[in-house]
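These numbers come from the heavy atoms of this one structure, side chains and all, not from hydrogens, waters or symmetry mates. Each chain gets a letter, A, B and so on, in the order its sequence line appears, and its residues count up from 1. The structure displayed is predicted, hence computed values, not measured ones.
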2 protein chains.
Amino acid sequence: MLQLKDLPTPDVLAKFAIRYPDADVTAVSSVLQLLRVATDLSIALDACLSKHGLLQGRWWVLILLMREENKTSQPSILAEKAGVTRATMTGLLDGLEQSGLIARVLAKEDRRTVLINLTDAGVGKLDSVMPDYYRRIRCCMQGLDEEQRQQLQKILALINLGIPALT
Amino acid sequence: MLQLKDLPTPDVLAKFAIRYPDADVTAVSSVLQLLRVATDLSIALDACLSKHGLLQGRWWVLILLMREENKTSQPSILAEKAGVTRATMTGLLDGLEQSGLIARVLAKEDRRTVLINLTDAGVGKLDSVMPDYYRRIRCCMQGLDEEQRQQLQKILALINLGIPALT
DNA sequence: TTGACATAGTTAGCCAGCTAATTATAATGA
DNA sequence: TCATTATAATTAGCTGGCTAACTATGTCAA
């Protein structure tokens with residue numbers, strides 16, 4: 001995702017709206033600001049993860065495993081939940097296995113499947129990352145009171161409703 | 001950016017909040033939903049661009065040039081405004097030049113700089129993409145009235161304030 | 001039983017970002 | 001003046017996504 005450092009000023013938007021009458025100025029500026037804030041957030045959180053030697057993809061796999069009762073799952077399920085292809089998940093798991101944060105174990109009941117285990121080292125890694133990560137999220141949301149957080153969630157849900165119609 | 005298909009349910013969040021007391025549950029769920037909606041939006045808009053044979057990076061360069069009075073700029077300035085490195089901008093411009101949408105012209109006053117011109121074909125490409133793009137944005141924001149759009153912008157600005165403190 | 005199909009995971013190769021090093025030109029100060 | 005430093009753009013090589021093709025295993029119906 002691009003960082004969109006230079007959002008259009010109102011007069012630039014207005015000029016584009018003259019050339020392209022389909023433009024809904026307040027919709028466009030809202031969407032661009034939304035994309036921009038999300039990108040900046042994502043970059044800032046990436047920086048936090050990389051301080052701990054992690055990238056977003058691998059970190060998310062650790063979280064997904066941590067959610068499981070027995071800290072175990074399968075590559076295809078992890079891929080689905082993380083929103084990446086199975087090929088990409090293979091690569092993520094390769095990296096995590098090399099770092100000793102997960103272990104691959106062959107399943108007995110179906111020899112096609114591989115079970116992915118979060119190791120103690122993996123749990124330890126999360127225990128060192130998550131407090132830092134959560135502290136940062138708390139910090140950047142501290143300017144919003146509970147009502148504003150609910151407003152945000154409601155508005156995001158409304159936008160989300162419109163997304164399927166785009167495809 | 002990951003697609004985050006599987007956001008934590010409230011009870012998963014609560015369990016994590018027990019292990020990691022720094023977690024601010026409503027902050028975390030707001031941020032995750034924000035990232036998720038933004039990613040989905042970005043993916044949907046990418047799909048729109050790719051129908052027209054464009055990728056986000058190249059398309060954004062065309063827009064930046066279109067904003068200029070004389071439809072001209074420089075690689076380093078474009079890189080800064082698009083939030084990519086100059087090396088990446090070189091690659092984006094290579095692609096656009098091959099498609100004939102921009103032209104490189106050597107500057108006379110400083111022979112280190114290259115002037116980038118949006119060609120007529122480049123303008124034509126924007127003229128075919130933008131109406132479609134704007135129509136989609138209008139469509140996904142149509143569920144929000146003017147007041148909600150303003151609320152969103154205000155809330156995003158508040159979050160944005162907190163981001164610098166993260167780094 | 002066995003041939004067709006489905007599923008799990010991996011491999012190979014592409015692409016668009018990135019950093020670091022390189023080339024060419026300009027600006028500056030002893 | 002000319003050595004040093006700064007700047008503009010590019011090139012080379014890395015990485016983590018992707019798609020498509022492949023291997024191995026399981027399922028199911030004729």
Side-chain angles (χ1 to χ4, degrees), chain A residues 1-5 35 39-40 42-43 45-47 49-50 53-62 72-99 101-117, chain B residues 1-5 35 39-40 42-43 45-47 49-50 53-62 72-99 101-117:
Chain A
M1 189 184 278
L2 287 180
Q3 202 177 351
L4 300 181
K5 286 212 175 160
L35 291 177
T39 313
D40 288 352
S42 182
I43 290 170
L45 295 175
D46 276 356
L49 293 179
S50 87
L54 280 176
L55 296 174
Q56 227 177 113
R58 295 182 184 176
W59 166 77
W60 194 244
V61 171
L62 296 182
T72 297
S73 186
Q74 296 176 25
S76 50
I77 296 175
L78 292 170
E80 170 63 25
K81 290 186 176 178
V84 298
T85 62
R86 277 178 295 170
T88 298
M89 185 52 64
T90 296
L92 293 174
L93 294 172
D94 284 348
L96 289 167
E97 190 178 31
Q98 276 196 338
S99 321
L101 304 180
I102 62 123
R104 280 183 166 102
V105 185
L106 290 173
K108 288 165 194 160
E109 60 282 12
D110 183 340
R111 293 195 303 172
R112 290 172 303 180
T113 75
V114 176
L115 296 178
I116 305 299
N117 266 295
Chain B
M1 191 185 277
L2 287 179
Q3 204 179 349
L4 298 182
K5 287 213 174 158
L35 292 176
T39 312
D40 288 351
S42 183
I43 289 170
L45 295 175
D46 276 356
L49 293 179
S50 87
L54 280 177
L55 297 173
Q56 227 177 113
R58 294 181 186 178
W59 166 76
W60 195 243
V61 171
L62 296 184
T72 298
S73 187
Q74 296 175 26
S76 51
I77 295 176
L78 291 170
E80 170 63 25
K81 291 187 176 176
V84 299
T85 62
R86 276 178 290 174
T88 298
M89 185 51 64
T90 296
L92 293 174
L93 294 173
D94 284 349
L96 289 168
E97 189 179 31
Q98 276 196 339
S99 320
L101 304 180
I102 61 123
R104 282 183 165 101
V105 184
L106 290 174
K108 287 166 194 161
E109 60 283 11
D110 182 340
R111 294 196 303 174
R112 289 171 302 180
T113 76
V114 175
L115 295 178
I116 305 299
N117 265 296

Of all the heavy-atom pairs spanning Gly95(B) and Ser99(B), show the shortest one and how long it is.
-> O-OG, 2.9 Å

Passing candidate, side chain to side chain contact (heavy atoms under 4.5 Å, CB included) with Ile116(B), options Leu93(B), Val61(B), Ile77(B) | Leu93(B)

Do you know the tightest heavy-atom contact between Leu49(A) and Leu55(A)?
-> CD1-C, 4.3 Å

For Thr72(B), which residues count as a side chain to side chain donor-acceptor pair (under 3.5 Å) partner, sequence neighbours excluded?
-> Asn117(B)

Identify, with sequence neighbours excluded, every residue that meets side chain to side chain donor-acceptor pair (under 3.5 Å) alongside Ser76(B).
-> none

How far does the helix from dT1(C)-dA30(D) to dA30(C)-dT1(D) bend, going by the axes of its first and last five pairs, to the nearest 10°?
-> 10°

Could you give all pairs that pass the salt bridge (Lys or Arg N to Asp or Glu O under 4.0 Å) test and reach residues 106-115 of chain B, with sequence neighbours left out?
-> Asp110(B)-Arg112(B)

Which is it for Trp60(B) and Leu92(B) under the side-chain contact (heavy atoms from CB on, under 4.5 Å) test, yes or no, and what are the steps along the way?
-> CA-CA 10 Å; Trp60(B) 195 243; Leu92(B) 293 174; over 6 Å; no

Using whole Å, report how far CZ of Arg86(B) lies from P of dG17(C).
-> 17 Å

Which residues, if any, of residues 105-115 of chain B bring a heavy atom under 4.0 Å of DNA chain D?
-> Arg112(B), Thr113(B), Val114(B)

Answer yes or no: is there a side-chain heavy-atom contact under 4.5 Å between Thr113(B) and Leu106(B)?
-> no

Give Gly95(A) one of three labels, base, sugar-phosphate or nothing, depending on what nucleic acid heavy atoms sit under 4.0 Å from its own.
-> nothing

Minimum-distance pair of heavy atoms, taken over all atoms of Val114(B) and Pro75(B) = O-CD, 3.1 Å

Can I get a per-line list of side-chain donor-acceptor pairs under 3.5 Å for residues 78-89 of chain B, giving both atom names and the distance, sequence neighbours left out?
from: Lys81(B); atom 1: NZ; to: Glu68(B); atom 2: OE2; distance (Å): 3.3
from: Thr85(B); atom 1: OG1; to: Thr88(B); atom 2: N; distance (Å): 3.1
from: Thr85(B); atom 1: OG1; to: Thr88(B); atom 2: OG1; distance (Å): 3.0

Check against side-chain contact (heavy atoms from CB on, under 4.5 Å), Asp40(B) and Leu4(B) | CA-CA 9 Å; Asp40(B) 288 351; Leu4(B) 298 182; over 6 Å; no

Send over the distance from Ile116(A) CD1 to dT10(C) C1', rounded to a whole Å.
-> 12 Å

In residues 87-94 of chain B, which ones come under 4.0 Å of DNA chain C, going by heavy atoms?
-> Ala87(B), Thr88(B), Leu92(B)

Can you list every salt bridge (Lys or Arg N to Asp or Glu O under 4.0 Å) pair that touches residues 89-98 of chain A, not counting sequence neighbours?
-> Asp94(A)-Arg104(A), Glu97(A)-Arg104(A)

Within residues 73-82 of chain B, residues whose heavy atoms come under 4.0 Å of DNA chain D | Gln74(B), Pro75(B), Ser76(B)

Would you give the length of the straight line joining atom CD1 of Ile102(A) to atom CG of Leu62(A), rounded to the nearest 0.5 angstrom?
-> 8.5 Å

Outermost DNA chain D nucleotides near chain B [under 4.0 Å, heavy atoms] | dA6(D) to dT11(D)

